S.K.: 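Here it is, the structure in full.
Here is the naming used below: chain letters follow the sequence lines, and residue numbers restart at 1 for every chain. Note that the coordinates shown come from a computational prediction; the quantities given were computed from them, not determined experimentally.
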Amino acid sequence: MSTLEDDELIELITSWSQKRKASSPKAADINTNDADQPSHSSSLSFQLAQEDNEESVDDLGGDDKGPIFGDYASYFATKAQNQQIEDEKFLEWNKKRQQVQGQDTKVSSIFTGCVVHVNGYTRPSIATIHKLIILNGGKFIHHLSSKGAATHIIAERLTPRKQAEFKNYKVVRPQWVLDSIERGSLQRWSDYSLIEVDYGQQRLQFRNEDQTNPHAKQDDEDESEIGPSIEPMSEIVDTTDGTTTIDSKHPDFLKQFFAKSRLHHLSTWKADLRLEFLNMVIEQSKSQGHMPTGASHRIIVHVDFDCFFATVSALKRPDIDFQNQPVCVSHGGTKPGSTADIASCNYVCRKYGVKNGMWVRQAKKLCPDLICLDYDFLGYETASKKLYEILLGLKPDCILPVSIDEALLEISSLIDDENTVEQVQGFCESLRREIYEQTRCTVSVGVSHNVLLAKLSLRKAKPNGYFYLHENFEEFLHNIPVSSLPGVGGAIVNKLISQVFPHSSSEITIGEIQGLERANLEKVFGVKTGTKLFEYAHGIDHTSIDINSNPEAFTRKSISIDINWGIRFDSIAQIDEFLFRVSEEICNKLQLMKMCTSQVTLKILKRSKGAPIEPPKFLGCGQCDSFSKSSRLGIPSDDYRTIGMEARILFRNIGCDPLELRGVSIQVTKLIEKGKEVQMRLPFARLDAPKTARLEGKEQHSDTPMEDKDIDAQVFEQLPPSIQEELRSELRRRNITIGERTPKRKRVYYQQVFTRTGASEVIRIISPRKSPSKSPLKKSPTKKSPVKDVKRRETKVAKVDEDVLNELPPSLRKEILEEWDEYERTNMTEFDRLRERGKLPETKFHNSANSIESLVMDDFECKINLIMFQKTSQPSKIIKLVDRWMKKTVEKGPHHRDLELFQTYLSKLKHHSHPLYAVIIERMRLISRIEPLCQRWLNILTTLIQERPTYRD
DNA sequence: ACAAATACCGAG
DNA sequence: CATCGCTCGGTATTTGT
């Protein structure tokens, strides 16, 4: 409490009081929130009340997506997504109906993971199939516009053109659905396949059938039946022939991509190994405590397979003479024009100048006899496992996994002071022998007294060798190229060349660095990098490989997923979908780690101006500019919908034409153990927690003195006496009086509003200072907002779907309709409720009719366009409404229909450069400061209203 | 001046 | 047929207040 600004304190009290007023009489027990505040006696630990008594329908259905997120999703209303929401609503409603009727409410999940689309005329009808699918856990899409979005297509007949189009889909007959449901499990799609596997002969048959099919023509047109299909279906069809390709629009893309990505494997292997060894070490030190090595002279061993992938992949090919034939690992064979990366190549290749990472195309030129092998990810894992087993068996002082094929050991205590060199050699050579015997792969070993030198020694040892650097260090380092130093890559080398050795023509060596002043290096590269470079050049390295000495340093601090290949989208809806899928993956990992995140970062790659639409590498990202934005979460989360929604917002904040998007990455940081995060579930719960426990001290505002601090007496009275008591003392301490309330704060904004003319100017002024990433209004729009189709959904009949209804007996039909009405009523939006009561409720908030705010605004309004909202155009009323709305919906989030309505209204205001726009936005921002949860959908609103997408160049 | 956000880098 | 350009930690630089 005492950490709050006066400002916020007043707002807080007001909001409590309003909450109390709004909720039922029994809310007198509001301060009994002991779950979150176990020990603290303060009755001020009031949590903004979730009215627990409201029976949310999704409670019945267990852990499924609640309507909250259904609402969220519709912020980005597209037809398809609206459909999903309707489907979910329908499911909830149906669940409720079943419950009322005492039926089993268990959710069938036969079609879980299936995304179904119906093509053309079918029996049963499309509507029936639709309901059957969603009632059994599947997803249904009416449009195939997002190419590849469907996992199954249901059809009875296909035109030849459609046949070609759907060649790589699972196209099944309707019977597949019926049988699956009847038998209670997903039937093999291939048994119902409409398109026969390409055996030539049968295909002809189909063609014949099609030509005689009276529906054929109609089939071809059915796309326009449903609505004008703007999106062309062509892109999925490759230009050269009729085959399809899996790109980011396909639901399985992520899976497929990761399954085949070497870099993804490398990263996950590494993370897994680190985790495994970390846990192992923690286990050990629990039982026996940590024993720091007593040895004075450290011996570090670096062991690494020789061209790991190539070696292992070649094990399956006894026909290849690995020592004498050039062999590499890459996708897709050995075609001379291939743009596949070479993941690993053997030493024969390297003689020709072939390098890892090179394209096959290029390598083929250098070495025409090149043999390309397939990846064998399982084989790599097996070999690695054996390596680590062997290493563990040697009982070194410590092991640090560097990667799947590479590890660092410290063996100081295993070696005596006598005959050190021989002992080390004996140890390493037997290690090498053992690994070869067990894996049939060669390793090299480098040894020295620190990590840096061990690493450099390893380089010298390769391939299939051993080197112990124990003397003549300077001489050893002298002729090694700087780029061999760990941490020195292209950028640093370039900087060296351009800023330190402008005349040097050949490769820069460590020896040349040795001649440089430390200060000089620090000037060019910064303190850390400069120092490191200097020390490395002199063979100095303090890197520790002992996990045990500092486990914290080896624990994972972030999780991210990057996809910069195959990213091709047509619409923002597809991107939204994709972001959710990525978030799902992230959250899987989070949950596995039992962690939650409080910060989400979205990074995108956008095609650089002038770069070709399709880069040379097939489905590659080509030359791109990268943009990133991050956002703090009010509540740490491991829910993919929360993370995904955040990502969607961030994407809109960055503003990128979907067609130009080439890379997506979501990163989560500021990880918190799951379970700990509930203590800070709501900002108010943090009030009397120690300051350090508050969220990064984030909400500390500058201490702006306020003139008129006081609290409306009526407001105060509405609080429970116990709280009043405590508040009184705190308020006294702060010189805040309880009495007639006068409008306060931020007059400055109104002035600014009136001194500017253009909307964009106004917007600039009020853009938030606090979180640049959340400033959705940075750019001045040049075009009008896209006219959003805020068509209210049709009445209940359309929702429940007539076709299905009609197939039911009349008595049941009536019942269902009535229940639907009831359902709708209980899920009424806040605005609906207000409307039903016939008038807007009065709030205590800005009571004074002569407040500067209302005076100014009401006056102004006469001169400006009159824009009605909820039957009023009076700014003070509208502001009140907004207050009320936001506060009321802070927990559940706003109803999507309210949002739509409000967005339309705001858009109008903005379109007319109405000053109220800025006032409302500022008002919402203010509230968001008190209720950080509101920030999120404020962002969404302002983002949507803005002309989108704004493209950055 | 400081902290947070963003940008960039390198490794395997 | 193509092709699967990841993911982490560290550091520098910019931005906002």
S.K.: Answer with base, sugar-phosphate or nothing: what part of the nucleic acid does H331(A) contact at a heavy-atom distance below 4.0 Å?
M.R.: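 Result for H331(A) = base.
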S.K.: Side-chain N or O of S261(A) versus OP1/OP2 of dG5(C): is the shortest distance under 4.0 Å?
M.R.: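 Answer yes for this pair, as a side-chain N or O of S261(A) is under 4.0 Å from OP1 or OP2.
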S.K.: Expressed in angstrom and rounded to an integer, what is the separation of L263(A) atom CG from dC8(C) atom C1'?
M.R.: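 Whole-Å distance recorded here is 12 Å.
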S.K.: Heavy atoms under 4.0 Å, any strand shown: does E406(A) hit a base, just sugar-phosphate, or nothing?
M.R.: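 E406(A): backbone/sugar contact only, no base atoms under 4.0 Å.
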S.K.: Between dG5(C), dT3(C), dA12(C), spot the one nearest the side chain of F618(A), thanks.
M.R.: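 Shortest atom-to-atom distance from the side chain points to dT3(C).
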S.K.: Is the ring centre of F277(A) less than 6.0 Å from the ring centre of Y388(A)?
M.R.: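 Distance test on ring centres: under 6.0 Å, yes.
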S.K.: Can you measure K355(A) atom NZ to dG12(B) atom P for me and round it to whole angstrom units?
M.R.: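 In whole Å, dG12(B) P lies 16 Å from K355(A) NZ.
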S.K.: Hey, does the side chain of T339(A) come within less than 4.0 Å of dT3(C)'s phosphate (OP1/OP2), counting only N and O?
M.R.: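 For dT3(C), OP1/OP2 do have a side-chain N/O of T339(A) under 4.0 Å.
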S.K.: Quick check on DNA chain C: between A271(A) and S338(A), whose nearest nucleotide comes earlier from the 5' end?
M.R.: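 On the 5' side of the pair lies S338(A).
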S.K.: Please list residues of residues 490-500 of chain A whose heavy atoms come under 4.0 Å from any atom in DNA chain B, ordered by number; otherwise none.
M.R.: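 Output list: G490(A), A491(A), I492(A).
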S.K.: Side chain of R518(A), backbone of G530(A): donor and acceptor closer than 3.5 Å?
M.R.: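 Side chain of R518(A) to backbone of G530(A): no pair is present.
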S.K.: Does a donor on one side chain sit under 3.5 Å from an acceptor on the other, for D546(A) and S544(A)?
M.R.: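 No, because no side-chain N or O of D546(A) sits under 3.5 Å from a partner of the opposite role on S544(A).
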S.K.: Which nucleotide in the list dA7(B), dG12(B), dA4(B) gets nearest to the side chain of S628(A)?
M.R.: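 Output: dA7(B).
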S.K.: Sequence neighbours left out, what passes side-chain contact (heavy atoms from CB on, under 4.5 Å) with N279(A)? Give chain and number order.
M.R.: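 L275(A).
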S.K.: According to ring pair (Phe, Tyr, Trp, His ring centres under 6.0 Å), who are the partners of F257(A), at least two apart in sequence or on a separate chain?
M.R.: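 By the ring pair (Phe, Tyr, Trp, His ring centres under 6.0 Å) rule, F257(A) matches F253(A), W565(A).
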S.K.: Picking from dA5(B), dG5(C), dC6(C), which would you name as closest to the side chain of S630(A)?
M.R.: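 From the listed options, dA5(B) comes nearest.
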S.K.: Within this structure, what is the NZ-to-P distance between K270(A) and dC6(C), rounded to whole angstrom?
M.R.: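 Rounded to the whole Å, the gap is 16 Å.
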S.K.: Which part of the nucleic acid does K532(A) contact within heavy-atom distance under 4.0 Å: base, sugar-phosphate only, or nothing?
M.R.: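 The answer is nothing, as K532(A) stays clear of every strand by at least 4.0 Å.
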S.K.: Going through the distances and angles, do S608(A) and D625(A) end up as a side-chain hydrogen bond (donor to acceptor under 3.5 Å, both in side chains)?
M.R.: CA-CA 6 Å; S608(A) 289; D625(A) 302 324; 3.1 Å; yes
S.K.: What's G620(A) touching, base or sugar-phosphate or nothing? Going by heavy atoms closer than 4.0 Å.
M.R.: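 Here G620(A) touches the bases of the nucleic acid.
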S.K.: Is there any side-chain hydrogen bond (donor to acceptor under 3.5 Å, both in side chains) pair reaching into residues 451-462 of chain A, and which pairs are they, with sequence neighbours excluded?
M.R.: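 For residues 451-462 of chain A: D304(A)-K462(A), R459(A)-S484(A).
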S.K.: Below 4.0 angstrom from OP1 or OP2 of dG9(C), is there any side-chain N or O of K528(A)?
M.R.: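 So the side-chain polar atoms of K528(A) never come under 4.0 Å of the phosphate oxygens OP1 or OP2 of dG9(C).
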S.K.: Output all residues satisfying side-chain contact (heavy atoms from CB on, under 4.5 Å) with N464(A), sequence neighbours left out; order by chain, then residue number.
M.R.: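 Per chain and number, N464(A) pairs via side-chain contact (heavy atoms from CB on, under 4.5 Å) with D306(A), R432(A), T442(A).
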S.K.: Looking only at side-chain N and O atoms, does S267(A) come under 4.0 Å of OP1 or OP2 in dG12(B)?
M.R.: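 No, no such contact exists.
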S.K.: Could you check whether the rings of F305(A) and F308(A) sit parallel, tilted or perpendicular, using 30° and 60° as the cut-offs?
M.R.: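 Tilted, since the angle between the ring planes falls between 30° and 60°.
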S.K.: Tell me, please, which residues at least two apart from E381(A) pass side chain to side chain donor-acceptor pair (under 3.5 Å).
M.R.: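 Residues passing side chain to side chain donor-acceptor pair (under 3.5 Å) with E381(A): W269(A).
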S.K.: Applying side-chain contact (heavy atoms from CB on, under 4.5 Å), name anything that partners K260(A), two or more places apart in sequence or on another chain.
M.R.: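 Partners of K260(A) by the side-chain contact (heavy atoms from CB on, under 4.5 Å) criterion, ordered by chain and then number, come out as H331(A).
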S.K.: With sequence neighbours left out, write down each residue that passes ring pair (Phe, Tyr, Trp, His ring centres under 6.0 Å) with F534(A), or none if nothing qualifies.
M.R.: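 F534(A): ring pair (Phe, Tyr, Trp, His ring centres under 6.0 Å) contacts with H538(A).
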S.K.: Once you apply a heavy-atom cut-off of 4.0 Å, does R274(A) come out as touching a base, just sugar-phosphate, or nothing?
M.R.: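 Answer is nothing: R274(A) stays at 4.0 Å or more from every strand.
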S.K.: Tell me: CD of E585(A) to P of dC6(C), nearest whole Å?
M.R.: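 Rounding to the nearest Å, CD of E585(A) and P of dC6(C) are 14 Å apart.
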S.K.: Quickly work out the K335(A) NZ to dT3(C) C1' distance and round it to whole Å.
M.R.: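 Rounding to the nearest Å, NZ of K335(A) and C1' of dT3(C) are 11 Å apart.
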S.K.: Please confirm whether the shortest side-chain N or O distance from N356(A) to OP1 or OP2 of dG12(B) is below 4.0 Å.
M.R.: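 Checking dG12(B) against N356(A), no side-chain N or O comes under 4.0 Å of OP1 or OP2.
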S.K.: Give the rounded distance in Å between these two atoms: CG of D272(A) and C1' of dC8(C).
M.R.: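 Result: 13 Å.
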S.K.: Give me the distance, rounded to whole Å, that separates dG5(C) from dC9(B) when you measure between the C1' atoms they each carry.
M.R.: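 That atom pair is separated by 16 Å.
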S.K.: For dC9(B), does OP1 or OP2 lie under 4.0 Å from any side-chain N or O of T529(A)?
M.R.: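 Result: no.
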S.K.: Regarding G530(A), tell me which of base, sugar-phosphate or nothing describes its non-hydrogen contacts under 4.0 Å with the strands shown.
M.R.: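 No contact.
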S.K.: Sequence neighbours left out, what passes ring pair (Phe, Tyr, Trp, His ring centres under 6.0 Å) with F651(A)? Give chain and number order.
M.R.: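 With sequence neighbours excluded, F651(A) shows a ring pair (Phe, Tyr, Trp, His ring centres under 6.0 Å) to no residue whatsoever.
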S.K.: For dC4(C), take OP1 and OP2 only and decide whether either is under 4.0 Å from a side-chain N or O of K617(A).
M.R.: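 So the side chain of K617(A) is within the cut-off, an N or O lying under 4.0 Å from OP1 or OP2 of dC4(C).
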S.K.: Check the distance between dA11(B)'s C1' and F305(A)'s CZ and give it to me in whole angstrom.
M.R.: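 Computing the F305(A):CZ to dA11(B):C1' distance gives 19 Å.
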S.K.: Run the side-chain contact (heavy atoms from CB on, under 4.5 Å) test against T382(A) and tell me which residues pass, sequence neighbours left out.
M.R.: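 So T382(A) forms a side-chain contact (heavy atoms from CB on, under 4.5 Å) with K386(A).
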S.K.: Tell me which residues in residues 553-561 of chain A put a heavy atom below 4.0 Å from DNA chain C, sorted by number, or none.
M.R.: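 Going residue by residue through residues 553-561 of chain A, the ones with a heavy atom under 4.0 Å of DNA chain C turn out to be T555(A), R556(A), K557(A), S558(A), I559(A), S560(A), I561(A).
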S.K.: Would you indicate what L485(A) reaches in the nucleic acid, counting non-hydrogen atoms under 4.0 angstrom: base, sugar-phosphate, or nothing?
M.R.: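 Sugar-phosphate: the residue L485(A), judged by heavy atoms under 4.0 Å, touches backbone atoms but no base.
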S.K.: Quick one: is H264(A) getting a side-chain N or O under 4.0 Å of the dT7(C) phosphate, OP1 or OP2?
M.R.: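 Yes, within the criterion.
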S.K.: Give a yes/no on whether any side-chain N or O of Q599(A) is located under 4.0 angstrom from OP1 or OP2 of dA5(B).
M.R.: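 Yes, because at least one side-chain N or O of Q599(A) sits under 4.0 Å from OP1 or OP2 of dA5(B).
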S.K.: Write down the distance between CG (L273(A)) and C1' (dT7(C)), rounded to a whole number of angstrom.
M.R.: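 Roughly 14 Å, once rounded to whole Å.
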S.K.: Near DNA chain C, which residues from residues 520-527 of chain A have a heavy atom under 4.0 Å away?
M.R.: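 Contacting residues: F525(A), G526(A), V527(A).
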